[in-house]
Visitor: 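Mind having a look at this structure? Questions to follow.
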Amino acid sequence: MMGARAMETTRELESTSIKYQIGGHAEKMWQRLKGILRCLVKQLEKGDINVVDLKKNIEYAASVLEAVYIDETRKLLDTEDELSDIQSDSVPLEVRDWLASTFTREMGIVKRRPEEKPKFRSIVHAVQAGIFVERMYRRTSSMVGLAYPAEVIVTFKIPVPNLISFAEALEVGYSKYKNPYHNLIHAADVTQTVHYIMIHTGIMHWLTELEILAMIFAAAVHDYEHTGTTNNFHIQTRSDVAILYNDRSVLENHHVSAAYRLMQEEEMNILANLTKDDWRELRSLVIEMVLSTDMSGHFQQIKTMRHTLQQTEGVDKAKAMSLILHAADISHPAKSWELHYRWTMALMEEFFRQGDKEAALGLQFSPLCDRKSTLVAQSQIGFIDFIVEPTFSLLTDSMEKIVMPLIEEASKSESPAFGTPSQNSLGAVSNAEAQRRPSFKSTSDGGTHTENSLATVDLMSFKDNLMKIIQANKERWKELAVEEELVKNVGEQEKDQGRNSTDAQLQEETTRTQNESSQGSDGTTCPPRSIVLQVVSFDTPLSDESNSEKCTNSDPNQKDLTDAQQETQNTDPLNGEPKHCKKTEDKVKSTEQKEALIQN
Ligand code: 5GP
Ligand code: MN
């Protein structure tokens with residue numbers, strides 16, 4: 001027989017358990033569970049409970065505990081929470097659809113219907129520039145009697161001819177589909193950004209040389225042979241790659257696999273000198289990182305990493321490295337407006353080309369792929385708010401958690417940079433031996449800070465700069481969104497009144513608008529303030545420069561992720577041609593022009 005109190009406890013446990021399963025709050029549940037267990041202890045102390053009741057109550061407590069655990073785990077795996085935020089009215093339905101279809105594993109979201117060799121050979125140039133610098137350095141150092149550090153020569157285990165062949169093959173692959181966005185410049189951009197993040201957050205001091213190589217390599221290959229269409233498009237059209245990879249991270253699987261296939265050719269095998277263990281470790285890291293650039297894993301990735309940061313244990317290296325690559329992959333909103341705008345328009349044009357294909361195939365438009373109705377500015381606000389800001393905020397938090405202890409440790413020891421390359425040369429020693437120690441050069445020895453040492457790391461300003469730029473870019477999109485909305489409304493009104501212009505008139509009007517506002521005599525795509533969002537041409541070189549002026553960064557003091565990006569800044573991301581940036585005036589187009597824009 002159950003005592004009265006024991007029955008009460010059981011009832012409480014039962015109702016708690018039921019309530020819990022209905023979906024009560026975990027926090028409250030923990031509290032109640034604690035209360036119930038305390039109550040049991042008291043009953044035990046008083047001898048007010050028999051063994052059968054006790055057993056039953058403990059079993060209940062265990063089941064509640066298990067339910068809480070399951071719920072916590074489910075929450076960790078559930079990305080619905082984040083998406084429910086996106087339901088707010090501030091985000092147009094199409095943007096929400098796009099966010100859901102792109103950044104979660106939700107499928108079937110489609111709802112509405114309506115060669116030349118690249119001239120700008122960025123990767124090869126970078127390699128050749130490196131070799132040139134190396135030769136110059138050797139010559140100079142022998143002239144002035146300086147010894148070229150033997151360790152550097154020994155460390156440089158990648159055969160240079162192989163590296164050049166491999167980089168050339170990569171560039172060919174990146175140019176295969178002539179994509180406006182996913183091309184060799186994007187690869188170079190992401191690689192440079194990963195490099196920048198590693199240096200400026202100080203995370204390079206936490207990574208081994210093998211891991212640093214894995215990061216750079218993963219960034220360089222991460223979109224190799226991108227088709228300019230999304231995974232969903234591959235799946236819907238049942239493409240060969242979708243069939244090959246069973247609809248799972250279709251493109252990402254292809255990027256890594258095809259890049260590794262290249263290296264099976266002896267003359268392109270840049271990893272020839274790695275030990276077996278290092279080769280395997282590098283491969284495992286590269287696969288994990290590139291697969292994590294599949295945006296459908298975004299919310300899951302963010303959630304897992306946030307959870308990791310709350311734990312006391314250290315951060316998983318592969319996860320941290322994946323986050324760096326993921327952040328670099330969506331980093332253009334953290335760069336100057338001119339760059340960000342151009343990357344945006346390049347991506348939109350790529351989306352629109354997919355939309356054209358979808359229309360031709362009789363498929364429904366994927367979100368943001370209908371060139372006639374996509375609200376670019378509004379979608380960018382959604383992208384920045386829900387994807388970019390949280391990613392960069394997590395990135396800086398993660399870097400802080402990892403790097404701050406290294407800085408403290410290094411500053412305590414106050415010794416000059418440790419960790420010489422000879423101790424951790426690639427391939428020469430095992431990775432375990434190659435663990436880097438933090439390098440911190442103190443000023444007390446009279447010397448200046450070693451370049452890129454931990455002492456030069458300023459995480460606060462890294463974070464502040466990023467957030468400021470992202471914010472400023474968002475504000476620009478907000479200005480444009482107002483105009484975009486206006487254009488949309490005018491267009492809708494016109495439609496309602498059945499006073500649409502003919503297609504021919506619209507075409508003429510659009511061409512005139514393009515000539516007036518979007519490009520200069522050098523064919524540069526301009527980042528305008530006025531609403532020319534939907535008409536930036538990616539194919540037609542335009543010549544009227546009457547409304548253009550030389551473009552400079554909006555804030556020359558703004559320091560962004562683009563230290564070494566002058567190269568890409570003066571390069572049209574659309575085709576890799578070097579360009580001079582031009583800016584349009586900030587005037588709002590006339591109503592007729594707006595009509596033309598929305599119709600086109
Ligand atoms: P990637 O395809 O380059 O590996 O991953 C980047 C993905 O992030 C793009 O395919 C796209 O889905 C998303 N993305 C990157 N930049 C932008 C942007 O400016 N706007 C939008 N809407 N999506 C972006
Ligand atoms: Mn990418």
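Start at 1 and go down the list; that is how both ligands and their atoms are numbered. Bear in mind that the values here come from a model prediction, so they are computed numbers and not experimental data. Positions are given from 1, in the same order as the sequence printed here.
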Visitor: Ignoring hydrogens and angles, state whether a donor on the side chain of Thr230 or Gln354 is under 3.5 Å from an acceptor on the partner side chain.
Guide: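 Gln354 and Thr230 do have a side-chain donor-acceptor pair below 3.5 Å.
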
Visitor: So, for Ala259 and Tyr224, which heavy atoms are closest and what is the spacing to 0.1 Å?
Guide: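 For Ala259 versus Tyr224, the nearest heavy atoms are N-CD2, 3.7 Å.
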
Visitor: Answer with yes or no whether the side chains of Glu485 and Gln378 bring together a donor and an acceptor at under 3.5 Å.
Guide: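 Present: a donor and an acceptor within the cut-off.
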
Visitor: Between Lys478 and Glu475, does any side-chain N to carboxylate O distance fall below 4.0 Å?
Guide: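 Glu475 and Lys478: salt-bridged.
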
Visitor: Enumerate the protein residues lying less than 4.0 Å from ligand 1, judged by heavy-atom distances, in chain and residue-number order.
Guide: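 Within 4.0 Å of ligand 1, protein side: Trp98, Thr102, Tyr181, His182, His186, His222, Asp223, Met295, Asp329, Ile330, His332, Thr344, Leu347, Met348, Leu368, Gln380, Phe383.
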
Visitor: In terms of the angle between their ring planes, are His255 and His226 parallel, tilted or perpendicular, with boundaries placed at 30° and 60°?
Guide: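 Answer is parallel, since the angle falls under 30°.
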
Visitor: Describe, in one word, how the ring planes of Phe166 and Phe217 are oriented to each other, choosing from parallel (under 30°), tilted (30 to 60°) and perpendicular (over 60°).
Guide: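 Phe166 vs Phe217 ring planes: parallel.
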
Visitor: For the residue pair Arg283 and Tyr260, would you count it as a cation-pi contact if the rule is NZ or CZ under 6.0 angstrom from the ring centre and within 45 degrees of the ring axis?
Guide: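 Ring-cation test returns yes.
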
Visitor: With 2.8 Å as the limit, count the protein N, O or S atoms near the Mn ion (ligand 2).
Guide: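 If we list every protein N, O or S atom nearer than 2.8 Å to the Mn ion (ligand 2), we get 4.
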
Visitor: Looking only at side chains, do Thr227 and Thr229 share a donor and an acceptor under 3.5 Å apart?
Guide: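 Judged by distance alone, the side chains do pair up.
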
Visitor: Which atom names give the shortest non-hydrogen contact between His222 and Tyr174, and what distance separates them?
Guide: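 That would be N-OH, 3.3 Å.
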
